[in-house]
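Below: the structure, in structure tokens.
Starting from 1, each residue takes its place in the sequence as its number. Indexing begins at 1, ligand by ligand and atom by atom, following the structure's order. The basis for the numbers below is simple: all heavy atoms, side chains too, and nothing from hydrogens, waters or symmetry mates.
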Amino acid sequence: MIILGHSCRIGYLFQPTFHKSVVRYIIVLLLLTNMPQANAAWVEKTAAVMGTHISVELWHPNEEQAEQLAQDVIDEMWRIDLLMSPFREESELSRINRLASQSPVSISQEMYQLLQKAVYFSRLSQGAFDITFASIGQLYDYRAAIHPEQAKIESLLSTIDFNHLLFDSTKRTVAFAIKGVQIDLGGIAKGHAVDGAIELLKRAGVAHALVTAGGDSRILGDRRGRPWHVAIRNPRDKNSTVVLLPLSDAAVSTSGDYERYFEAGGVRYHHIISPKTGQSPSQLRSVTIIGADATTTDALSTTLFIMGLKKGLALIETLTDIDAVIIDSSGTMHYSKGLAEPAP
Ligand code: ADP
Ligand code: MG
């Protein structure tokens, strides 16, 4: 296993120009902040929400408040699930899918902004990330091992196109330009939920936390003096990890072909769909993105999975403060220039 350093996130505390007394002051401060405080606690909570495993770990000077805040994080995940689940008829997302082909649908500010972000990533990736993938994506059932026939895919391919989403910012509405368009936020909603949870914790004064929803995590601060370690698992062995990322104040998302899939006729059908073909790409096994916020890392991990190794890494190198670790179909690992193995 290798440990990769994320160079752009390493802060330099001791500048050579610092006066000795300043250094002593910082050391005393560090010691004090690490002293045990009455009632202070690390609290951990897990839950199954949004069809995935949710976990929160946080530190707070007051144990009771820590417990409450961890519960608030889980509640925030439920709130997003109620808004954005494609499996709930009453969700805002389902309402859009039912009505937007007929007339513009009024939507919440939060939904409007997230749809705008999704379109931003569509433009950035020249259509690799596209929430209208669901026009065909909804025909796959990974649990029941069902996939649409090729002829069906071809007849529906023109319904996948983010340009079919018509927005009116003054009225705050969205409409679908043609019939048959469907949207799904599975490639960005968990990141959005994680960011919402971290904002909630920040507002409450929490300085050290890790929030995870499936493959999307965000870290607030450090682990009180040490970095958090986020592991990237071996895409073909769920019990082994291939990379450790020491991180603080960062978001990290992994998309893999092993999350939701079935095999039939030698083909691996998984939950990431290329908008060009209506099928799952097979060039990569997993993509991990490291960045500042989880909405971005979530969207980009799905995006790179579709773009493939060369185009994907080229895109990452154009973005500031974003890095990628990619495992290709032969199991070989590739990573962007901002990541480095620590000097021996
Ligand atoms: P996970 O849901 O396992 O965390 P990802 O972040 O990679 O994994 O998201 C996969 C989800 O993204 C799929 O389940 C689906 O809802 C959605 N998705 C699939 N293909 C696309 C695409 N081309 N553009 C946008 N979203 C997609
Ligand atoms: Mg994603």
Inset, instruction - Under 4.0 Å, heavy atoms only, figure out whether ligand 1 is touched by the backbone of H271, its side chain, both or neither. - result: both

Legend entry - Metal proximity, D216 vs the Mg ion (ligand 2), N/O/S cut-off 2.8 Å: no

Legend entry - Region of I306 engaging ligand 1 - heavy atom pairs below 4.0 Å: side chain

Legend entry - Region of D130 engaging ligand 1 - heavy atom pairs below 4.0 Å: backbone

Inset, instruction - Have a look at ligand 1 and work out which part of F133, if any, has a heavy atom under 4.0 Å from it: side chain, backbone, both or neither. - result: side chain

Legend entry - Any N/O pair T254/ligand 1 closer than 3.5 Å: no

Inset, instruction - Kindly confirm whether the Mg ion (ligand 2) is within less than 2.8 Å of some N/O/S atom in T302? - result: yes

Inset, instruction - Could you tell me whether some N/O pair between S274 and ligand 1 is separated by less than 3.5 angstrom? - result: no

Inset, instruction - Examine the side chains of D328 and H334 and answer whether a donor and an acceptor come within less than 3.5 Å of each other. - result: yes

Legend entry - L185 N/O to ligand 1 N/O under 3.5 Å: no

Inset, instruction - Give the contacting part of A128 toward ligand 1: side chain, backbone, both or neither, where contact means a heavy-atom distance below 4.0 Å. - result: backbone

Legend entry - P275 touching ligand 1 at heavy-atom level, < 4.0 angstrom: yes

Legend entry - Nearest-option assignment for atom 9 (O) of ligand 1, heavy atoms, candidates S301, A118, G186: G186

